[in-house]
Amino acid sequence: MLDRGAPASSARTLRLMALIGYDEALALLSAGIEPLEGETIALAQAQGRVLAAPVTARISFPAGDASAMDGIAVRDADVTPGTAVRLIGTSYAGQPFSGTLGSGEGVRIFTGALLPDGADRVIMQEHVRFEDDLAHVGEGYGPGWHVRRAGEDFGKGDLLLPAGCLMGTGQLLCAAGGDVGEIMAVRRPRVRILATGSELVEPGEAAAHAATIPDSVSPAIAALVCNWGGEVVDRTRLPDDLPALAAWAGEALADADVIVVTGGASVGARDFAQAMFADAPLEPVFSKVAIKPGKPVWIARSGKTRIVGLPGNPSSALVTARLFLAPLLAALGGRPMAVALDWQDRKVEADPRQDGDREVFLIAETVGGTVRPVSRQNSGGQSQWALANCLLRSARSRQDSDGTWKVPCLPF
């Protein structure tokens, strides 16, 4: 294998690296990955982002003692079953009663409203009979005081969410409740996608052009990038023209965190996916992995930019993107790589192990409580993806004592 301490300044170095296994490729990929820097964004834009800094409450909640029920606010010492208190006002959520409660007095109160000064409990309206300005307290109004104490949920300055937290619906609720309008989030990886091949055209145009095929790979890769927290800033198709490809590569290296190149990773006369970076100081991570499909996948670095070379065959490209690009994006976006590699043992209908010198990843679909490899496993195929929703790592299959087969499954 290539000496990691040796200079690696040309794309040719990538071609000289030995074929390695999947786990070794992942280990090389993970080395030196750090989350991108933080940026301040509005809370409304925080869904799916990772916190670069903790979130603390800007207020206490509740801000003061507040009612948990509709009813009357009273002084507990004044009330027994059968007591009548004189109502002196009303307290609404957002419009509290401004006076002070005296002996024998009560305030009509609604859920979420602040208790007036002098009150210490709320009696539910189900236990109260109203008559003009009097409120008669009935029997069995219960032991509950129905008061949410000031700061009961959290106090001003309390930690609500730690750095590294993934913002979902619950986390948004928590931050908003603490009066937080902005957060510091890990910047989303900026991704440029290039589909190489003179035969490729935009989907919808191939029927009108002989000898062309629709570019199905780059739209799918763009969707995967978005699913794993990346930002697609450019998706381009270019013909097999080395000067044009090299010019695009120079521009992309200037502002992208990740460059994804599909196709052109073989040894043909017009396979330029690696040669297009010949002028860049590339440091190879790995080139070619002993997996099927997707052997030609390669990854390199140029400064802080990662270049991911995916096979041109649609199925191979999608499999390798899920295996390598998804964890890369997760890590750059502030999450552990492991969140994108959450293999779970699932039942399969039969032993899926495959013979050969490369580890096989099978495209599969979920059927009830089991998973089943799709009938077509063609690396250049596309129709099988209409049903597929996971990958099976066939080499890790095992048979339980009850005779059922289990295999690690990775959702798409």
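Small disclaimer: the values here were computed from a predicted structure and weren't measured.
Under the 4.5 Å side-chain criterion, counting only non-hydrogen atoms from C-beta, L323 is in contact with L410. Annotation: side chain of I88 is in contact with side chain of F97 (closest heavy-atom distance under 4.5 Å). Residues P373 and L392 meet the side-chain proximity criterion, which asks for heavy atoms closer than 4.5 Å. Residues V74 and I123 meet the side-chain proximity criterion, which asks for heavy atoms closer than 4.5 Å. Put simply, the side chain of L310 does not reach to within 4.5 Å of the side chain of V261, judged on heavy atoms. When side chains are defined from C-beta on, I299 counts as touching L29, because their heavy atoms get closer than 4.5 Å. The side-chain heavy atoms of V260 and V191, taken from C-beta on, include a pair separated by under 4.5 Å. The shortest side-chain heavy-atom distance between D120 and L115 does not fall under the 4.5 Å cut-off.
No donor-acceptor pair closer than 3.5 Å links the side chain of R306 to the backbone N or O of L325. Under a 3.5 Å cut-off, the side chain of E251 and the backbone N or O of W248 do not form any donor-acceptor pair. For D240 (side chain) and S198 (main-chain N/O), a donor-acceptor pair under 3.5 Å exists by modelled atom type. Not one N or O on the side chain of D400 forms a donor-acceptor pair closer than 3.5 Å with the backbone of D402. Side-chain N or O atoms of Q384 include one that pairs as donor or acceptor with a backbone N or O of N378 at under 3.5 Å. Checked by atom type and distance alone, the side chain of Q344 never pairs as donor or acceptor with a backbone atom of P408 at under 3.5 Å. Formation of a donor-acceptor pair under 3.5 Å by the N313 side chain with backbone atoms of S315 is not found in this model. The backbone N or O of P293 sits nowhere less than 3.5 Å from a side-chain atom of S316 that would complete a donor-acceptor pair. Although no hydrogens or angles enter the test, the distance criterion places no donor-acceptor pair under 3.5 Å between the side chain of R148 and the main chain of D153. When atom types are taken as modelled, the side chain of Q354 and the backbone of P352 share a donor-acceptor pair closer than 3.5 angstrom.
For Y141, there are no ring pair (Phe, Tyr, Trp, His ring centres under 6.0 Å) partners two or more places apart in sequence or in a different chain. Residues passing the side chain to side chain donor-acceptor pair (under 3.5 Å) test with Q45: none are found, sequence neighbours excluded. Residues passing the salt bridge (Lys or Arg N to Asp or Glu O under 4.0 Å) test with D70: none are found, sequence neighbours excluded. Applying the side chain to side chain donor-acceptor pair (under 3.5 Å) criterion to R358, with sequence neighbours excluded, gives no partner residue. Taking the ring pair (Phe, Tyr, Trp, His ring centres under 6.0 Å) definition, one finds that F130 meets it with nothing, sequence neighbours left out.
The distance from the SG atom of C165 to the CG atom of L51 is 5.5 Å, given to the nearest 0.5 Å. Between R108 atom CZ and L87 atom CG the span is 8.0 Å, to the nearest 0.5 Å. For the atom pair CD of E182 and CD1 of I41, the computed distance is 9.5 Å after rounding to the nearest 0.5 Å. Atom CD1 of I183 is separated from atom CE of M167 by 4.5 Å, given to the nearest 0.5 angstrom. Atom OG in S60 sits 8.0 Å away from atom NZ in K156 (nearest 0.5 Å). Distance check, rounded to the nearest 0.5 Å: CZ of R396 to CZ of R393 gives 4.0 Å.
Results of the side chain to side chain donor-acceptor pair (under 3.5 Å) test with R192 over T236, D255, T305 single out D255 as the only residue that passes.
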Next item on the list: Show your working on side chain to side chain contact (heavy atoms under 4.5 Å, CB included) between V122 and W145 and close with a plain yes or no.
Entry: CA-CA 6 Å; V122 172; W145 286 43; over 6 Å; no

Next item on the list: Walk me through it: do L19 and K295 pass the test side chain to side chain contact (heavy atoms under 4.5 Å, CB included)?
Entry: CA-CA 9 Å; L19 190 67; K295 176 184 174 182; 4.0 Å; yes

Next item on the list: Carefully, step by step, assess I363 and Q377 under the rule side chain to side chain contact (heavy atoms under 4.5 Å, CB included).
Entry: CA-CA 7 Å; I363 305 160; Q377 296 290 331; 3.8 Å; yes

Check: Is there a side chain to side chain contact (heavy atoms under 4.5 Å, CB included) between K347 and V407 once you walk through the steps?
Finding: CA-CA 7 Å; K347 290 182 181 180; V407 64; over 6 Å; no

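For the 3.5 Å distance criterion, the side chains of E199 and T212 fail to qualify, holding no donor opposite an acceptor. Side chains of R353 and S394: a donor-acceptor N/O pair is absent below 3.5 angstrom, by distance only.
Taking both residues in full, the closest heavy atoms of A73 and L101 are given as O-CD2, 3.7 Å, listed atom of the first, atom of the second, then distance. Listed here is the closest heavy atom pair of P62 and R149: CD-O, 3.3 Å. The minimum heavy-atom distance between A195 and T262, with the atom names listed, is CA-OG1, 3.2 Å. Heavy-atom minimum distance, V297 versus T320: CB-CG2, 3.9 Å. Heavy-atom minimum distance, L26 versus L341: CD1-CD1, 3.9 Å. E231 and R188 make their closest contact through CA-NH2, 3.8 Å (heavy atoms, listed as atom of the first residue, atom of the second, distance).
Checked for salt-bridge contact, K406 and D351 miss the test: no charged N lies under 4.0 Å from a carboxylate O. A salt bridge links R49 to E39: one of the charged nitrogens lies within less than 4.0 Å of a carboxylate oxygen. Taking a cutoff of 4.0 Å between a charged side-chain nitrogen and a carboxylate oxygen, R190 and D257 do not qualify as a salt bridge. Under 4.0 Å is where a charged nitrogen must lie from a carboxylate oxygen, and between D215 and R237 at least one such pair does. Using a 4.0 Å cut-off between charged nitrogen and carboxylate oxygen, R75 and D117 do not count as a salt-bridge pair. Between R398 and D345, at least one side-chain N (NZ, or NE/NH1/NH2) sits under 4.0 Å from a carboxylate O, which counts as a salt bridge. Between K292 and E359, none of the side-chain N atoms (NZ, or NE/NH1/NH2) sits under 4.0 Å from a carboxylate O, so this pair counts as no salt bridge.
Among pairs with a residue in residues 168-180, those fulfilling side chain to side chain donor-acceptor pair (under 3.5 Å) read R58-D179, at least two apart in sequence or across chains.
Ring-plane geometry between F277 and W298 is classed as perpendicular, the angle between the planes exceeding 60 degrees on a 0 to 90 degree scale with a lower cut at 30. Aromatic ring pairs are classed by plane angle as parallel below 30°, tilted from 30° to 60° and perpendicular above 60°; the pair F412 and W385 is perpendicular.
Around CZ of F61, the count of heavy atoms belonging to other residues, nucleotides or ligands within 6.0 Å does not exceed 12. The environment of CD in E152 is crowded: more than 12 heavy-atom neighbours from other residues, nucleotides or ligands sit within 6.0 Å.
Taking the six-membered ring where the residue is Trp, the centroids of Y22 and F324 are separated by under 6.0 Å.
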